[in-house]
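One structure is given below, encoded as structure tokens.
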Amino acid sequence: MNFKDRLKVFGVGVLLGGILVAVIKSRREPEQNERPSANAYQSPEDIQRAAVPGILEAYDERGVPMQSDFIAASRLYPHADENKYERVLVLKGQESEQVLRIVETIKKPVEGRDEGEKVVNVRVMSVDQVRVELHPGSQSSKLANAIRPWGYRVLRRGDRENVYIVVLNSQEPEAVHDAIENLRTVPEVSYGSPYFLD
């Protein structure tokens, strides 16, 4: 086969390859348009809430305290029932938005029985936000001024009148607990609680 014949074969091959690629791309475009864009914006809260069902399902299946490489920090707290305690975990994923606070209520093993610790309750919440309810007629500006010395700030209005979401600017396991204690001293605050995602 001489050079001219080889060139013709190569040209036909390129032409057929281009047609084949065009056909494949035209068939894949409708599929791609049906899928949500990977670049579609998701708020940090959307990303956090998306993880909750899988976490709760894992606890339902295993029933034991979490062991994971994603645990960035933890802290133990006593429970009203002396046979239980609470374990607060901060889970961090690969992205900065992938961060959660998990509170496990753990039943201690009974002495003499061949059983380990069991998780009897688990709650998933924001790692650095609390929900604050003000007394009727209180102004959010007074709340904002009162919490500024702790480094907190009002992030947004909550789901009801007189309810606000406060961001703590800390992702330590004790941040939510400490913030609720601090907020009890603010005269405008009626109630403070973790910002639950589950």
Side-chain angles (χ1 to χ4, degrees), residues 39-59 65-66 68-81 84-106 119-198:
N39 297 329
Y41 174 75
Q42 285 189 305
S43 72
E45 187 175 325
D46 292 336
I47 292 167
Q48 292 165 1
R49 284 190 190 279
V52 172
I55 290 171
L56 295 178
E57 187 177 302
Y59 277 106
M66 182 184 291
S68 171
D69 292 339
F70 293 107
I71 298 174
S74 67
R75 182 161 179 178
L76 303 180
Y77 287 95
H79 191 273
D81 181 344
K84 299 175 184 171
Y85 67 95
E86 287 188 341
R87 180 177 176 230
V88 177
L89 306 174
V90 174
L91 287 186
K92 290 189 178 181
Q94 295 174 344
E95 304 295 326
S96 60
E97 296 87 3
Q98 296 172 329
V99 59
L100 295 169
R101 181 177 192 261
I102 296 176
V103 178
E104 302 171 330
T105 302
I106 300 171
V119 174
V120 293
N121 187 34
V122 61
R123 295 299 306 264
V124 184
M125 59 198 74
S126 171
V127 72
D128 62 351
Q129 295 175 24
V130 293
R131 187 178 175 276
V132 178
E133 186 170 342
L134 302 183
H135 292 293
S138 296
Q139 298 175 348
S140 62
S141 59
K142 287 190 176 182
L143 171 67
N145 290 333
I147 64 176
R148 192 171 292 121
W150 293 306
Y152 311 158
R153 66 181 170 82
V154 176
L155 182 65
R156 61 183 164 81
R157 184 179 291 259
D159 55 351
R160 295 192 343 244
E161 190 177 345
N162 292 334
V163 173
Y164 296 89
I165 304 302
V166 170
V167 67
L168 310 177
N169 294 317
S170 172
Q171 295 185 349
E172 295 302 315
E174 62 274 6
V176 171
H177 178 270
D178 292 350
I180 291 170
E181 291 297 315
N182 290 337
L183 288 163
R184 287 183 180 160
T185 67
V186 177
E188 289 76 23
V189 173
S190 164
Y191 183 74
S193 67
Y195 184 50
F196 294 107
L197 300 170
D198 59 342

For [X] versus [Y], what's the shortest heavy-atom pair and its separation?
{"X": "Tyr77", "Y": "His177", "result": "OH-CB, 3.9 Å"}
{"X": "Ile106", "Y": "Pro65", "result": "CD1-CG, 3.7 Å"}
{"X": "Arg49", "Y": "Pro53", "result": "O-CD, 3.3 Å"}

Spatial distance of atom [atom1] ([X]) from atom [atom2] ([Y]) [nearest 0.5 Å]:
{"X": "Leu134", "Y": "Leu143", "atom1": "CG", "atom2": "CG", "value": "5.5 Å"}
{"X": "Glu133", "Y": "Asp159", "atom1": "CD", "atom2": "CG", "value": "9.0 Å"}
{"X": "Lys92", "Y": "Glu97", "atom1": "NZ", "atom2": "CD", "value": "12.5 Å"}
{"X": "Arg157", "Y": "Tyr164", "atom1": "CZ", "atom2": "OH", "value": "4.0 Å"}
{"X": "Leu183", "Y": "Arg131", "atom1": "CG", "atom2": "CZ", "value": "13.0 Å"}

| Going through the checks in order, is the side-chain contact (heavy atoms from CB on, under 4.5 Å) test met by Ile47 and Glu95? | CA-CA 10 Å; Ile47 292 167; Glu95 304 295 326; over 6 Å; no
| field | Sidechain N-carboxylate O distance under 4.0 Å for Arg75, Glu172 | value | no
| Does Arg87 use its side chain to pair, donor to acceptor, with the backbone of Met66 at less than 3.5 Å? | yes
| query | Counting only N and O atoms by type, is there a donor-acceptor contact under 3.5 Å from the side chain of Gln98 to the main-chain atoms of Gln94? | reply | yes
Side-chain atoms of residues 189-198: list all donor-acceptor pairs with protein atoms under 3.5 Å, sequence neighbours left out, distances to 0.1 Å.
from: Tyr195; atom 1: OH; to: Glu45; atom 2: OE1; distance (Å): 3.3
from: Tyr195; atom 1: OH; to: Glu45; atom 2: OE2; distance (Å): 3.0
from: Tyr195; atom 1: OH; to: Arg156; atom 2: NH2; distance (Å): 3.0
from: Asp198; atom 1: OD1; to: Arg123; atom 2: NE; distance (Å): 3.2
from: Asp198; atom 1: OD1; to: Arg123; atom 2: NH2; distance (Å): 3.3
from: Asp198; atom 1: OD2; to: Arg123; atom 2: NE; distance (Å): 3.0
from: Asp198; atom 1: OD2; to: Val124; atom 2: N; distance (Å): 3.3

Does any non-hydrogen side-chain atom of [Y] lie less than 4.5 Å from one of [X]?
{"X": "Leu76", "Y": "Ser74", "answer": "no"}
{"X": "Leu91", "Y": "Ile71", "answer": "yes"}
{"X": "Asp81", "Y": "Thr105", "answer": "no"}

| message | Counting only heavy atoms from other residues, nucleotides and ligands, does the tally under 6.0 Å from CG of Asn169 exceed 12? | response | yes
Side-chain donor-acceptor contacts of residues 144-155 below 3.5 Å, not counting sequence neighbours, with atom names and distances?
from: Asn145; atom 1: OD1; to: Arg148; atom 2: NH1; distance (Å): 3.0
from: Asn145; atom 1: OD1; to: Arg148; atom 2: NH2; distance (Å): 3.4
from: Asn145; atom 1: ND2; to: Ser141; atom 2: O; distance (Å): 3.3
from: Tyr152; atom 1: OH; to: Asn182; atom 2: ND2; distance (Å): 2.9

| request: Applying side-chain contact (heavy atoms from CB on, under 4.5 Å), run through Leu168 and Val166 and close with a yes or a no. | output: CA-CA 6 Å; Leu168 310 177; Val166 170; 4.3 Å; yes
